[in-house]
Structures are given as structure tokens and as C-alpha cells.
Amino acid sequence: MFGVSISIGSILSIFVGKKSKRKPQLILGYTMMGVCCLLYSIIKYASSEDSNSIASKIMLVLFGFPFGLSVGPVTFLYISEILPEIGYAFAIFTNWVVSYMVSQVFVVISNAIEYEGTFFIFAAFCFIGALILKKIMIESKDKRRE
């Protein structure tokens, strides 16, 4: 189901990306992902210890939609619009390294502070990312690289 959610978001991003600018699309994506992580954390915390509630699973599946709609494809599109080839290659390499690190650290963190704490941290990073994008990101759609 998670893959379906990402796929639907990715297909819609083709149409949304043609009409919207990169900055608001990424900010909205990070904010929606943060909300899904935060709601997962709250639902998981509020439910019994051994409970894997349907609501928490829905939040995880819904998390894939804003990722597929914005953060997944638009990040690569944005990087290609603002950086020369060598910068693009370095940015993609960095993205993969950080993704690998997150996947490795997830197990350690979730063992230490449980899933609800881990997803609370992920939510905080999503919201911080949205704020950083709002303050720093330069819009690249329909602009030439200089």
C-alpha cells in the first residue's frame, strides 16, 4: 500500500509540477509529511503498547503520497535546474548517502525510543525542512541557470 501511495503521488506530480512552482510544492510536501509523522506518533503513543492500530498504519501509507507528489520527484528536478552537472552528481550522491544513513539509524533510534519517538523526530525534521525551504530556497521554475 505504501508503494501505491507513492506511485499515485508521483503520477499526480507530473500534472501538478507543470502548473505549480517548485518552492510551494516542496514546502507543502514536507509539511504534509511532517503532519503524517506527527499523527502517527500521537496515535501510536495514545494506543495500547501492543496495538498496531489501523489509524497509525493509515498515517504511514498516507506519508507516501506527499513524498511522491513533491519531495521525491521535485527535489531531483530542482537540483537539475540550479546546479551544473558536477554539482548535480554530488547532490544526488549526497541524497543517496543520507537516505542510507537514515535507514541505518532508524533501527537504532526506534529501539531506543520506540516508534512514536522516532516518528516524532522525523516530523520535527520535516517541519524544520519546510521552514528552511521557506526562508532560503530560490524558486527555479521557468528561470535560467546563470
Could you pull out every donor-acceptor pair under 3.5 Å between side chains of residues 60-76 and any protein atom, sequence neighbours left out?
{"unit_1": "Ser70", "atom_1": "OG", "unit_2": "Pro66", "atom_2": "O", "d": "2.8"}
{"unit_1": "Thr75", "atom_1": "OG1", "unit_2": "Val71", "atom_2": "O", "d": "2.5"}

How close do Glu139 and Lys23 get, counting heavy atoms only, and between which atoms? OE1-N, 2.9 Å
Is it true that Met32 and Phe125 fall in one hydrophobic cluster, defined by side-chain heavy atoms closer than 4.5 Å? no
Do Met59 and Cys37 have side-chain heavy atoms sitting under 4.5 Å apart? no
With sequence neighbours left out, which residue pairs that include part of residues 24-34 fulfil the side chain to side chain donor-acceptor pair (under 3.5 Å) condition? Ser20-Gln25
Below 4.5 Å, heavy atoms only, C-beta onward: do Tyr115 and Tyr40 meet side chain to side chain? yes
Are Leu38 and Ile121 co-members of a hydrophobic cluster defined by side-chain heavy atoms under 4.5 Å apart? no
Charged N to carboxylate O under 4.0 angstrom, Glu81 versus Arg22? yes
Please check: side-chain N/O of Ser5 versus main-chain N/O of Met1, any donor-acceptor pairing under 3.5 Å? no
With rounding to the nearest 0.5 angstrom, report the CE to NZ distance, Met137 to Lys21. 11.0 Å
Starting from Met101, walk the hydrophobic network (Ile, Leu, Val, Met, Phe, Trp, Tyr; side-chain heavy atoms closer than 4.5 Å) and list everyone else you reach, by chain and number. Phe93, Val97
Are Phe122 and Phe119 an aromatic pair by the rule of ring centers under 6.0 Å? yes
In terms of hydrophobic clusters joined by side-chain contacts under 4.5 Å, are Leu26 and Leu77 together? no
Which pairs would a plain distance check flag for residues 102-110, meaning a side-chain donor or acceptor within less than 3.5 Å of a matching protein atom at least two apart in sequence or in another chain?
{"unit_1": "Ser103", "atom_1": "OG", "unit_2": "Tyr100", "atom_2": "O", "d": "2.6"}
{"unit_1": "Ser110", "atom_1": "OG", "unit_2": "Phe106", "atom_2": "O", "d": "2.9"}
{"unit_1": "Ser110", "atom_1": "OG", "unit_2": "Val107", "atom_2": "O", "d": "3.1"}

Honestly curious: do Ile138 and Ile27 fall in one hydrophobic cluster under the side-chain, below-4.5 Å linking rule? yes
Sorted by chain and number, sequence neighbours left out, ring-ring contact (aromatic ring centres under 6.0 Å, His included) with Phe127 holds for none
Following the transitive rule for hydrophobic clusters with a side-chain heavy-atom cut-off under 4.5 Å over Ile, Leu, Val, Met, Phe, Trp and Tyr, establish whether Phe15 and Val4 coincide in one cluster. no
Side-chain hydrophobic cluster, 4.5 Å single linkage: members besides Ile128: Ile132, Ile136
